Q: 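A single structure is presented below for examination.
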Protein chains: 2
Amino acid sequence: MMIGEVAEKSGFSVHTLRYYEKIGLLPPSHRDSGGRRSFDDDVLRWLEFLGRLKDLGMPIRDRVLYARMRAEGDSTIEARRNLLQTYRDELAVRVASLTETLEVLDAKIASYDTTGSPSTEPRYDQDTIHP
Amino acid sequence: MMIGEVAEKSGFSVHTLRYYEKIGLLPPSHRDSGGRRSFDDDVLRWLEFLGRLKDLGMPIRDRVLYARMRAEGDSTIEARRNLLQTYRDELAVRVASLTETLEVLDAKIASYDTTGSPSTEPRYDQDTIHP
DNA sequence: CTAGGTGCTAGAGCGCACTCTAGGTCAAGC
DNA sequence: GCTTGACCTAGAGTGCGCTCTAGCACCTAG
């Protein structure tokens, strides 16, 4: 697989993939005779996982740290577990908070709807009440 | 309330609060005789809501747009509702995806635990399996 | 009456995570 | 054999969202 195909399948841009390799998120890739990167399918699963780590808010330096430890092998399993555990716990908190935000938004949208419909009814800006 | 107290209660820094006023997230504040900003308690609820919009990933320019519309009054209710609805729907998708990520992490952490405990057992790096 | 703390402005600076540019190489199809 | 398009490198540039600096004003407590 050349880099363009990986980009298309993973959703990361070609530029980003090269950048990821440069900073160590991807292992140094094999090259074909012409010096072009040649990836195998594994990289797609790894990129999908990296995408999840990114989406949950893990900063790139910790993704790099994780990637480096992964490349080092079994001796780093404990540290990797701990790193993931930390972000997992943080994520659980964030999911709870975002779920609450979802409720807040639904309430607010509902209040806008009530306020908005009948223009003969008294209007009030819910923003002044909640906030 | 002076700006320091707002900072302490809201969790935003003094610098950030002034910045928020400058870009229009906060209305131009009242000043005391010495030219210092004087806030009333409402601002805390507004900041809390802004914090939620921020946390759910609404970029600052849309928060500014929302704030400006809010300042304009009832004529913008429909537009505000639509804006919130858009981000609400996006958020619902993200919450679902993050919940999935939580499961992925739990599975991975569990696999690390199994791999790690008995050092007499065969070890395998789960990373080569998933992902 | 003075020292320290908090406030003010304008504007520069920063860290993050890309994203793009310039100037090239290479391989496959016409 | 030449064009086209995907690839290469090093390094500069970008947008976001703050964050900090310099240099000054004010106010309150000792």
Side-chain angles (χ1 to χ4, degrees), chain A residues 1-40 43-44 46-68 83 87 90 94 101, chain B residues 1-40 43-44 46-68 83 87 90 94 101:
Chain A
M1 246 182 158
M2 277 196 294
I3 200 169
E5 196 180 344
V6 176
E8 199 180 324
K9 286 185 177 163
S10 69
F12 291 100
S13 78
V14 169
H15 287 307
T16 299
L17 292 173
R18 286 197 281 247
Y19 166 69
Y20 276 7
E21 182 182 321
K22 187 159 69 182
I23 65 174
L25 274 185
L26 299 179
S29 33
H30 309 141
R31 302 302 179 108
D32 68 13
S33 57
R36 294 166 176 172
R37 288 174 182 80
S38 162
F39 298 89
D40 44 39
V43 81
L44 293 177
W46 174 234
L47 283 170
E48 205 235 305
F49 187 64
L50 282 179
R52 284 193 185 277
L53 295 184
K54 176 189 166 180
D55 287 350
L56 71 78
M58 188 190 287
I60 209 162
R61 66 177 160 288
D62 278 352
R63 270 135 66 205
V64 170
L65 175 62
Y66 184 82
R68 295 228 160 103
L83 191 58
Y87 281 100
E90 216 175 71
R94 284 205 35 251
T101 294
Chain B
M1 245 183 158
M2 275 196 295
I3 200 168
E5 196 180 344
V6 176
E8 200 180 324
K9 287 185 177 161
S10 69
F12 292 100
S13 78
V14 170
H15 288 308
T16 299
L17 292 173
R18 285 197 282 248
Y19 166 70
Y20 276 7
E21 181 182 320
K22 188 159 69 181
I23 64 173
L25 273 185
L26 299 179
S29 34
H30 309 140
R31 301 303 180 106
D32 69 11
S33 57
R36 293 165 175 174
R37 289 173 183 80
S38 162
F39 298 90
D40 44 38
V43 81
L44 293 177
W46 174 233
L47 283 169
E48 204 235 305
F49 187 64
L50 282 179
R52 285 193 184 276
L53 295 183
K54 176 189 167 178
D55 286 351
L56 72 76
M58 188 190 286
I60 209 162
R61 66 179 160 288
D62 278 352
R63 269 136 65 207
V64 170
L65 176 62
Y66 184 83
R68 295 229 160 104
L83 191 57
Y87 281 100
E90 218 175 69
R94 282 203 38 249
T101 294

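Below, chains carry the letters A, B, ... as their sequence lines are ordered, and counting in each starts from 1. Heavy-atom basis, side chains included; hydrogens, waters and symmetry copies ignored. These numbers come from a predicted model, not from an experiment.
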Q: Quick one, B:Tyr66 with B:Phe49, criterion side chain to side chain contact (heavy atoms under 4.5 Å, CB included). Give me CA distance, side-chain angles, the key distance, then yes/no.
A: CA-CA 11 Å; B:Tyr66 184 83; B:Phe49 187 64; 3.8 Å; yes
Q: With a 4.5 Å limit on heavy-atom distance, are the side chains of A:Val43 and A:Leu17 in contact?
A: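 Side chain of A:Val43 against side chain of A:Leu17, heavy atoms only: no contact under 4.5 Å found.
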Q: Do the non-hydrogen side-chain atoms of A:Thr101 and B:Asp55 ever get within less than 4.5 Å of each other?
A: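 They are not in contact (no side-chain heavy atoms under 4.5 Å apart), so the answer is no.
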Q: With sequence neighbours left out, what residues match A:Lys9 under salt bridge (charged side-chain N to carboxylate O under 4.0 Å, His left out)?
A: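 Expected list: A:Glu5.
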Q: Compare all side-chain heavy atoms of B:Arg18 with those of B:Lys22 and state whether any distance is below 4.5 angstrom.
A: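 No, too far: nothing below the 4.5 Å cut-off.
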Q: Could you tell me whether a side-chain N or O of A:Arg94 sits under 3.5 Å from a main-chain N or O of A:Leu56, the two making a donor and an acceptor?
A: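 Yes; at least one donor-acceptor contact below 3.5 Å.
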Q: Using side chain to side chain contact (heavy atoms under 4.5 Å, CB included), reason through B:Leu25 and B:Tyr19 one step at a time and then give a plain yes or no.
A: CA-CA 9 Å; B:Leu25 273 185; B:Tyr19 166 70; over 6 Å; no
Q: Flag the pair A:Trp46 / A:Ser10 as yes when at least one side-chain heavy-atom distance between them is below 4.5 Å, and no otherwise.
A: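 When only atoms from C-beta onward are counted, A:Ser10 and A:Trp46 do not touch, as no gap falls below 4.5 Å.
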Q: Please list, in 5' to 3' order, the outermost nucleotides of DNA chain D lying under 4.0 Å from any heavy atom of chain B.
A: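 Contacts span D:dC16 to D:dC27, reading 5' to 3'.
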Q: State which residues pass side-chain contact (heavy atoms from CB on, under 4.5 Å) with A:Ser13; sequence neighbours excluded, sorted by chain then number.
A: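 So A:Ser13 forms a side-chain contact (heavy atoms from CB on, under 4.5 Å) with A:His15, A:Thr16.
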Q: Going by number, which of residues 29-40 of chain A have a non-hydrogen atom under 4.0 Å from DNA chain C?
A: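 Going residue by residue through residues 29-40 of chain A, the ones with a heavy atom under 4.0 Å of DNA chain C turn out to be A:Ser33, A:Gly34, A:Arg36.
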Q: With sequence neighbours left out, what residues match B:Arg31 under salt bridge (charged side-chain N to carboxylate O under 4.0 Å, His left out)?
A: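 Applying salt bridge (charged side-chain N to carboxylate O under 4.0 Å, His left out) to B:Arg31 gives B:Glu21.
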Q: Near DNA chain C, which residues from residues 2-24 of chain B have a heavy atom under 4.0 Å away?
A: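 B:Met2, B:Ile3, B:Gly4, B:Arg18, B:Lys22, in order of number.
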